[in-house]
Enquirer: 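Below you will find the structure I want to go over with you.
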Amino acid sequence: MDIDARLAPAEDSLRQLLADEGPGGYDFAFIDADKRAYGKYFELCLQLVRQGGLIAVDNVLWYGKVADSQVDDKATVALREFNAAVLADPRVTLSIVPVGDGMALCRKR
Ligand SMILES: C[S@@+](CC[C@H](N)C(=O)[O-])C[C@H]1O[C@@H](n2cnc3c(N)ncnc32)[C@H](O)[C@@H]1O
């Protein structure tokens, strides 16, 4: 197995993969970077993975802060909005697994 490491802003790398390889070529994507950009990464990964492919998204429970109405820092608010958007997204089925601080498993329909 080859590993192709790209040291660059993740959005640029994902856009480059799409430009170079087109959509639907991947079985699996794992999102685990800056929380406020999760929505952008999700949209790009959704194009990159095939129908039936999986996008795993780390930290979606954010140490429980997403469920604490007293917490409103930018990362927490962004993750709350991300979770709500993915739950309502008809393009995927969603399970959130409560391991660590929450892993969303999004299967592309
Ligand atoms: C929680 S760590 C990821 C750990 C990795 N998934 C692992 O299991 O070893 C988050 C990483 O995302 C990187 N990161 C943050 N913002 C980024 C961005 N905009 N583009 C690319 N990488 C970013 C950070 O430098 C950090 O290495």
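Just the heavy atoms: all of them, side chains too, but no hydrogens, waters or symmetry mates, feed the values below. Predicted, not measured: the structure shown is a model, and the values here were computed from it. For ligands, and for the atoms within them, numbers begin at 1 and follow the listed sequence.
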Enquirer: Check this for me: Lys65, atom NZ, are more than 12 non-hydrogen atoms of other residues, nucleotides or ligands nearer than 6.0 Å?
Expert: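 More than 12 heavy atoms, drawn from other residues, nucleotides or ligands, come within 6.0 Å of this atom.
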Enquirer: List, for ligand 1, each N/O atom that has a protein N/O partner under 3.5 Å away, with both atom names and the distance.
Expert:
unit_1	atom_1	unit_2	atom_2	d
ligand 1	6 (N)	Asp32	OD2	2.8
ligand 1	16 (N)	Asp34	OD1	3.3
ligand 1	19 (N)	Asp34	OD1	3.3
ligand 1	19 (N)	Tyr41	OH	3.2
ligand 1	20 (N)	Ala10	N	2.8

Enquirer: Is the ring pair Tyr38/Tyr41 parallel, tilted or perpendicular, if the boundaries are 30 and 60 degrees?
Expert: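 It falls in the tilted class, 30° to 60°.
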Enquirer: Is Glu43 salt-bridged to Arg91, going by a charged N under 4.0 Å from an acidic O?
Expert: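 Between Arg91 and Glu43 there is a salt bridge, with a charged N closer than 4.0 Å to a carboxylate O.
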Enquirer: Thinking salt bridges, do Arg36 and Asp34 make one under a 4.0 Å N-O criterion?
Expert: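 Salt bridge flag = no for Asp34 with Arg36.
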Enquirer: Kindly give the heavy-atom pair with the smallest separation between Asp27 and Val49, and that separation in Å.
Expert: C-CG1, 4.5 Å
Enquirer: Among all residues two or more places apart in sequence or in another chain, which pass the ring pair (Phe, Tyr, Trp, His ring centres under 6.0 Å) test with Phe42?
Expert: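 If we apply the ring pair (Phe, Tyr, Trp, His ring centres under 6.0 Å) test to Phe42, skipping adjacent residues, the hits are Phe82.
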